Peer 1: 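Attaching a single structure in structure tokens format; questions to follow.
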Amino acid sequence: MQGPLIDTLARQGVTRRTFLKYCATLASMMALPPSAGRAMAEAMAAARRPSVIWLPFQECTGCTESITRSHSPTLEGMIFDMISLDYQVTIMAAAGHQAEEALRNAMLENDGKYLLVVDGSIPMGDPGYGTHGGHSFVDHLQQAAKGAAAIIAVGTCASYGGIPKANPNPTGAVSVSDIIKDKPIVNIPGCPPIPVVMTGVLAHYLTFGSLPELDAKGRPKAFFGETIHDRCYRRPFYDQGKFAKTFDDEGARRGWCLFELGCKGPVTYNACATVKWNGGTSWPVESGHGCLGCSEPDFWDAGGFYKALSVPADPLKLAAAAAVVGAGAGVAVSFANRAKKGAAKKAHQPITLADLEK
Amino acid sequence: MNDLQFLTWVRGTGLDIAVGIFLLGVLWRLIEIYTLGRKKDLAAPRHAAGASGLHTVFRRSLPPPGMLKRSPVSYIGGYIFHIGLAVIVFLGAPHILLITNLTGLSWPGLPTQFIDLVTVVTMAAMVVMLVDRINKPVKRFLSTFEDWFTWAVTFLPVLTGWLAVQHLLLPYTTMLALHILSAEILLVVLPFTKLFHAFTLFGSRWYNGSANARKGVPV
Amino acid sequence: MSASLDKVTQTLKEVIDAPIASYFDSCVHCGLCAEACLFYTETGDPKYTPIHKVEPLRRVYEQEYTLLGRLMKMVGLSKPITDEELGEWQELVYDSCTLCGRCSMVCPVGNDIVYMVRKFREGMAVSGHVPDGIRGATKRTVEIGGPMGLKWPAVANVLRKAEEATGVTIPVDKEGADYLVLLSSMEIVNYPEYIEALAKIFHKAGISFTLASDAFEATNAGIQIGASDLAKVIVTRIVDAAERLKVKYVLSPECGHAYMAIRWEGPNLIGRPFGFKVVHVLELLDQLRQEGVLKMKGMFKDPLILHDPCQIVRRGGVLQAPEALIRQVAENYIPIADQQKWNWCCGGGGGASAIHTEEAEALRAKAFGVKKRQIEEAGVGTMVTFCANCRITIEEALDHYEMNTKLLGLTELLAEHLED
Amino acid sequence: MSLDAIPIHVITPPAGEPGLTGNAPPLLRELAEQVKRLLETGESSAIDLSALPLTPTDLDWLHEKLGAGEIAVTLQASGESTLNETACPGIWWVTHRNEQGAVTSQFIEVAFVPELVKAHPQDVAIGLENLELMISDL
């Protein structure tokens, strides 16, 4: 299935204009100038499909579901088809030794050029927690990373450890970037991540031969540059101080801000509010539930999904005891003070005229 | 520790420690101060309208005759930043939510834009107060490390809160965490610095007012 | 620690109480008290900021009565007070503080700073860092009977002259009289007209009164210097005499701090409430005015202003009487901006007028600037007051500035215009 | 089940409510520059409207100012796209929609003919092949 992408698309009944339109939209989403859409289309049309190796570790397959299981065959899905996915254990036909053979071949043939996609976190507590063909996940990752041009960590688990890393982290789960230090890594967090972010990163790589600009957490700035809160259509209600207090009150029905119900939108950087989900149908806040912050590191342990950001993450445990200790200290000092003052009074010797002299 | 962990810590353990030290300090200091006792006044009291401890508690919130003109910066700046702080702390929606969570009391807040404006004005007033402290010979003469320190400790929560909301300097998550941390520092140092006047000023005004009320002088 | 310093902390430990603790913990160093202090407003020197005058007291409070202060002292972060320091503070506590109490009126957190200064003086007194003038006055009062060393025969002489001038008998040691009249040495020596005026008024009103040969002196230098034990000795003489003569009232003279000492400090010094009432002469006069006994003939014509002595008005609570009385007798009374409880001190209260060092006198003259402006702004040639100590101080200042302002005592002014 | 059955209704501000941010007028100047460039050098350009902080009211204002021209092109390519000439020839208002009809991106294009309308030479070549095939079949 080698050959320019446009030919493959044409065979699938995708016209050039459809493709151009898609590229224009993609460029817009990635905050690239309008002219980039055309450049993108031309580059991608002529691009050869890169070899992609997909390694799943401690994951739930939700990321794969998100990207491959769309309602209708979308362009995202098609572009995804257009890469040479040489190893994806979940969806590939081959199994066992055959699959491992495919992996070895792909790594050998495309050494230094393939893209490595990882979903799931890597258990470091005991190598036995996760193995493939007798090798631990961490060995797999290190092997595959050696010859990779770049690594794309898909999902919060691969990006930041995710739910496996949640307290008390029984498997000692870590992220890809905790292990691999010498390769360019793009994190596409989210539980699951937004499909278009994935294709956007691929499109960028295919067009410009490089990875998009990343933020401090290794995420493409184009999609993770702003918080959910800042792009949220309910933001005006926050500014006006109108909040839903419960999930079924008047405020909730009128679509007011969900901040008080624990929405993590203010501290979550993602594109849900603009790109939306399910082909642009809706997204969590629009459906009436606060953002969980799933694309942020350690979102699982950030004090509870239904607790507003400005309230204590944990119930105050020390406060009552501290108050008692404080009162105790105060009383102790006051007894000491009274004794001291009493002693001073007792020791009082009437002041005489002689005392006034130096 | 990443920014969200930092935020979770300041919202959790950090807040617990800060509120704990605050309560501990407040109770300890209040008891320490007010159990020292005082002698009963044996002189026959005189009564006068408007003279009592309670009257003075309220009356001292207004500038005495002629004083506004003598020290306009202290009064106007002081009013603006005290009222500003109160508005921000007690009428900002996220702050009300915290108070509600801790005490169960709840009341409506003000629009974000208004709180924003109040914040800027408050910060401006605080900067003016600082400049006044540097410029004015009396204030400079009286100032110790504690005065500069408590100014900074009071200013930082306002500044970081504003920066967080405006998305300036640092990502929101980090700035929010710094904001909460700075407010916690304020809570921790409050009982042990001159900031404790927030509590003792009522006692002081009352003592002054009631002692002078016995003489029939409304002060 | 020297024996005397030990005694200082011991004394301060005794006097520090909850109000002082609350005041120190409330201070935010806003400096507004300076704006209310004439020693600061007239000199511009920040060291005269009232709250700064009790700085050593703050340290003792923190080191003795707060847990943190004790710890800081233990690890050496907080230095104990020293004798030199107290020596430095003598000027701030005595020369440049008249206990006028204006600062206590303006402090936004409500600190009664003058209360703190009074308590601090207790410690200063035993440290020996006290002005010679006040020490001498205290000594004379305790040993001889009055701050000026006046003895009864001299007083009796003045009384005899007053009897001659007025034709009214002035009873002495008369049991059962309504009023025991107290005088201040200053009045006896410098303003005997006061005694004459009083005799006339009592006679007119038909009120019985007496003087006590063993308790004629109202002033109490012990209060000013800050030695409660000595103040108690002085005030006990009056209480004993009043109880012996079974009077209903003790009449405080015009003198400000005398009123403070007998009316407000007295019962606290002796540790029990009085069985008699203490009345300031103006209170009595105002009562007579209201009863219609105090009828005037001919009014005083020249425009004049009133100087309200701090210890009688602001710190003493005689708020309404002075103005009511002056309006009774003066045709051209001009109320000033800062009057009654907001009046500015003459600069010589709290014992300051007894300090005769060159620096203290120069400072006093400078501090008088505020009164000088009041007189000049009102554009009057006459000022009336009702405190012998204020009169002395103001007269000295008028001389110093070569002003030809006429200074009158309120009681005398009333007596002069009394209907026969 | 239609969405209306769910008792959650988002209150959207009524149309015409003041929502002008003042960000739209400078775009007209920018467009004028671009049209000048088009005339002088033939270079076409575009403004990505979704990348700019414009409210719906701002967009309406722009739309109204630019007006409607003579040509309206509709493109059916996984969702409808419209490429409409404005009252200022050379300025085209381009809206891309997805299959659900939601706007996915919006541009103002400055060109004699929008790029997307022009047939690509390769596609024309394929068309020619088809045409020749047709002729040979006659």
Side-chain angles (χ1 to χ4, degrees), chain B residues 28-29 32-44 46 48 51 56-57 60-61 63-67 70-71 74-75 78 133 136-144 146-147 150 192 194-197 199-209 211-219, chain C residues 16-36 40-41 44-47 49 51-52 61 65-68 101 104-112 115 263-268 270-274 277-278 313-319 337-338 341-342:
Chain B
W28 149 18
R29 299 281 355 259
E32 183 176 82
I33 291 165
Y34 291 103
T35 55
L36 263 176
R38 60 174 169 151
K39 275 193 189 156
K40 200 176 163 234
D41 186 1
L42 299 169
R46 177 193 276 140
T56 303
V57 168
R60 275 305 155 97
S61 299
M67 287 299 283
R70 283 197 158 270
S71 201
S74 299
Y75 280 103
R133 189 168 278 286
K136 220 169 184 188
V138 167
K139 284 192 180 177
R140 195 174 51 228
F141 176 78
L142 291 177
S143 296
T144 60
E146 191 185 317
D147 294 287
T150 49
F192 309 105
K194 71 170 188 176
L195 296 175
F196 201 49
H197 77 275
F199 286 84
T200 54
L201 85 89
F202 300 102
S204 297
R205 289 178 178 183
W206 194 83
Y207 278 138
N208 188 349
N212 281 290
R214 287 186 68 84
K215 298 175 178 173
V217 185
V219 294
Chain C
I16 290 169
D17 56 6
I20 288 185
S22 182
Y23 296 156
F24 277 129
D25 278 300
S26 300
C27 180
V28 292
H29 287 173
C30 70
L32 286 172
C33 50
E35 304 294 341
Y40 168 73
T41 60
D45 190 338
K47 76 174 174 180
T49 305
I51 197 70
H52 176 65
Y61 155 64
Y65 288 128
T66 73
L67 189 53
L68 279 186
S104 298
M105 299 285 293
V106 305
C107 174
V109 295
N111 292 351
D112 194 348
Y115 177 85
R263 172 67 175 91
W264 299 114
E265 301 283 349
N268 295 312
I270 65 163
R272 62 181 168 88
F274 287 163
K277 270 190 178 169
V278 180
V313 182
R314 174 163 48 239
R315 301 297 289 183
V318 183
L319 296 179
D338 291 325
K341 67 182 177 188
W342 289 108

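Source: prediction; values computed, not measured. Naming: A, B, ... by sequence-line order, numbering from 1 per chain.
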Peer 1: Check each atom of B:T56 against the heavy atoms of chain C and say whether the ones under 4.5 Å are side chain, backbone, both or neither.
Peer 2: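 Interface part for B:T56: neither.
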Peer 1: Considering only heavy atoms, which portion of C:R315 lies under 4.5 Å from any heavy atom of chain B: side chain, backbone, both, or neither?
Peer 2: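 Both parts, backbone and side chain.
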Peer 1: Check for a donor-acceptor pair, side chain of C:N268 on one end and backbone N or O of B:L42 on the other, with a separation under 3.5 Å.
Peer 2: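 Side chain of C:N268 to backbone of B:L42, a donor-acceptor pair under 3.5 Å: yes, one is there.
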Peer 1: Looking at chain C, which one of B:T144, B:V57, B:L195, B:L201 has the largest number of heavy-atom pairs inside 4.5 Å, strictly under?
Peer 2: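 Looking at each option in turn, the highest pair count goes to B:L201.
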Peer 1: With rounding to the nearest 0.5 Å, note down the distance linking CG in B:L142 to OG1 in C:T49.
Peer 2: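 The OG1 atom of C:T49 is 4.5 Å from CG of B:L142, to the nearest 0.5 Å.
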Peer 1: Using non-hydrogen atoms and a 4.5 Å limit, figure out which bit of B:D147 sits close to chain C: side chain, backbone, both or neither.
Peer 2: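 Only the side chain of B:D147 comes within 4.5 Å of chain C.
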Peer 1: So, for C:V109 and B:R205, which heavy atoms are closest and what is the spacing to 0.1 Å?
Peer 2: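 The pair with the smallest heavy-atom distance is O-CG, 3.3 Å.
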Peer 1: When heavy-atom pairs shorter than 4.5 Å are enumerated against chain B, which of C:G317, C:A21, C:C27, C:G110 gives the highest number?
Peer 2: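 Ranked by heavy-atom pairs under 4.5 Å with chain B, first place is C:G110.
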Peer 1: Counting heavy-atom pairs under 4.5 Å with chain C, which one of B:K215, B:R70, B:E146, B:R29 comes out on top?
Peer 2: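 Among the listed options, the one with the most contacts to chain C is B:K215.
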Peer 1: Quick check on B:K136 against chain C: is it the side chain, the backbone, both or neither that has a heavy atom closer than 4.5 Å?
Peer 2: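 Only the side chain of B:K136 comes within 4.5 Å of chain C.
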Peer 1: Could you tell me which non-hydrogen atom of B:A43 sits nearest to which non-hydrogen atom of C:P267, and how far apart they are?
Peer 2: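 Minimum heavy-atom contact is CA-CG, 3.6 Å.
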Peer 1: Flag the one option from C:I51, C:T41, C:I270 with the top tally of heavy-atom pairs under 4.5 Å to chain B.
Peer 2: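 Of the options given, most contacts go to C:T41.
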Peer 1: Output yes when a side-chain donor or acceptor of C:K341 lies under 3.5 Å from a complementary backbone atom of B:P218, and no otherwise.
Peer 2: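 Such a contact is found between C:K341 side chain and B:P218 backbone.
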Peer 1: Under a plain distance cut-off of 3.5 Å, with no hydrogens placed, do C:S22 and B:T200 share a side-chain donor-acceptor pair?
Peer 2: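 Absent: no donor and acceptor within the cut-off.
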Peer 1: Answer with side chain, backbone, both or neither: which region of C:Y115 has an atom nearer than 4.5 Å to a non-hydrogen atom of chain B?
Peer 2: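 Contact with chain B: none, neither part.
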Peer 1: Tell me which of these, B:F196, B:W28, B:F192, has more heavy-atom pairs under 4.5 Å with chain C than the rest.
Peer 2: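 Option with the top pair count is B:W28.
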Peer 1: With a 4.5 angstrom heavy-atom cut-off, which part of C:R314 approaches chain B: side chain, backbone, both or neither?
Peer 2: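 For C:R314, the contact with chain B is made by the backbone alone.
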Peer 1: Can you say whether C:K277 sits under 4.5 Å from chain B via the side chain, the backbone, both, or neither, judging by heavy atoms?
Peer 2: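 For C:K277, there is no contact with chain B at all, as no heavy atom is under 4.5 Å.
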Peer 1: Can you tell me which portion of C:Y65 sits under 4.5 Å from chain B's heavy atoms? Options are side chain, backbone, both or neither.
Peer 2: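 When you check distances to chain B, atoms from both the backbone and side chain of C:Y65 fall under 4.5 Å.
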Peer 1: For a 4.5 angstrom cut-off between non-hydrogen side-chain atoms, does B:P64 reach C:M105?
Peer 2: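 B:P64 vs C:M105: side chains apart.
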Peer 1: If you count heavy-atom pairs under 4.5 Å with chain B, which of C:C107, C:G101, C:G44 comes out on top?
Peer 2: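 When all of C:C107, C:G101, C:G44 are compared, C:C107 has the most.
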Peer 1: Using a 4.5 angstrom heavy-atom cutoff, name the option from B:K39, B:K40, B:R133, B:K139 with the most pairs to chain C.
Peer 2: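 With the most close heavy-atom pairs to chain C, the winner is B:R133.
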Peer 1: Please rank C:A337, C:A18, C:P273 by heavy-atom pairs under 4.5 Å with chain B and give me the top one.
Peer 2: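 Counting heavy-atom pairs under 4.5 Å, the top option is C:A18.
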Peer 1: Heavy-atom distance under 4.5 Å to chain B: side chain of C:T66, backbone, both or neither?
Peer 2: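 Both parts, backbone and side chain.
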Peer 1: May I ask you to decide if C:L67's main-chain N or O and B:E32's side chain share a donor-acceptor pair within less than 3.5 Å?
Peer 2: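 Side chain of B:E32 to backbone of C:L67, a donor-acceptor pair under 3.5 Å: yes, one is there.
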Peer 1: Could you tell me which portion of C:V278 (side chain, backbone, both or neither) has an atom closer than 4.5 angstrom to a non-hydrogen atom of chain B?
Peer 2: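 C:V278 has no heavy atom closer than 4.5 Å to chain B.
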Peer 1: Report which part of C:Y61 has an atom under 4.5 Å of a heavy atom belonging to chain B: side chain, backbone, both, or neither.
Peer 2: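 Side chain only.
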Peer 1: Measure the CG-CH2 distance between B:N212 and C:W264 for me, rounded to the nearest 0.5 Å.
Peer 2: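 Spacing of CG (B:N212) from CH2 (C:W264) equals 10.0 Å.
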Peer 1: Please flag which part of B:F202 lies under 4.5 Å from any non-hydrogen atom of chain C: side chain, backbone, both or neither.
Peer 2: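 For B:F202, there is no contact with chain C at all, as no heavy atom is under 4.5 Å.
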Peer 1: Any non-hydrogen side-chain atom of B:M67 less than 4.5 Å from a side-chain atom of C:L32?
Peer 2: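 Of all side-chain heavy-atom pairs linking C:L32 with B:M67, at least one is under 4.5 Å.
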Peer 1: What is the distance from atom OH of C:Y23 to atom CG of B:N208, rounded to the nearest 0.5 Å?
Peer 2: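 Answer for the OH-CG pair, C:Y23 versus B:N208, is 4.5 Å.
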Peer 1: Is there a side-chain contact between B:R140 and C:P46 in this structure, where contact means two heavy atoms from C-beta onward sitting under 4.5 Å apart?
Peer 2: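 Of all side-chain heavy-atom pairs linking C:P46 with B:R140, none is under 4.5 Å.
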Peer 1: Would you mind telling me which of B:H197, B:R60, B:K194 has the largest number of heavy-atom pairs within less than 4.5 Å of chain C?
Peer 2: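 The residue among B:H197, B:R60, B:K194 with the greatest pair count is B:R60.
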Peer 1: What part of B:R214 gets within 4.5 angstrom of chain C, counting heavy atoms only: side chain, backbone, both, or neither?
Peer 2: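 B:R214 touches chain C through backbone heavy atoms alone.
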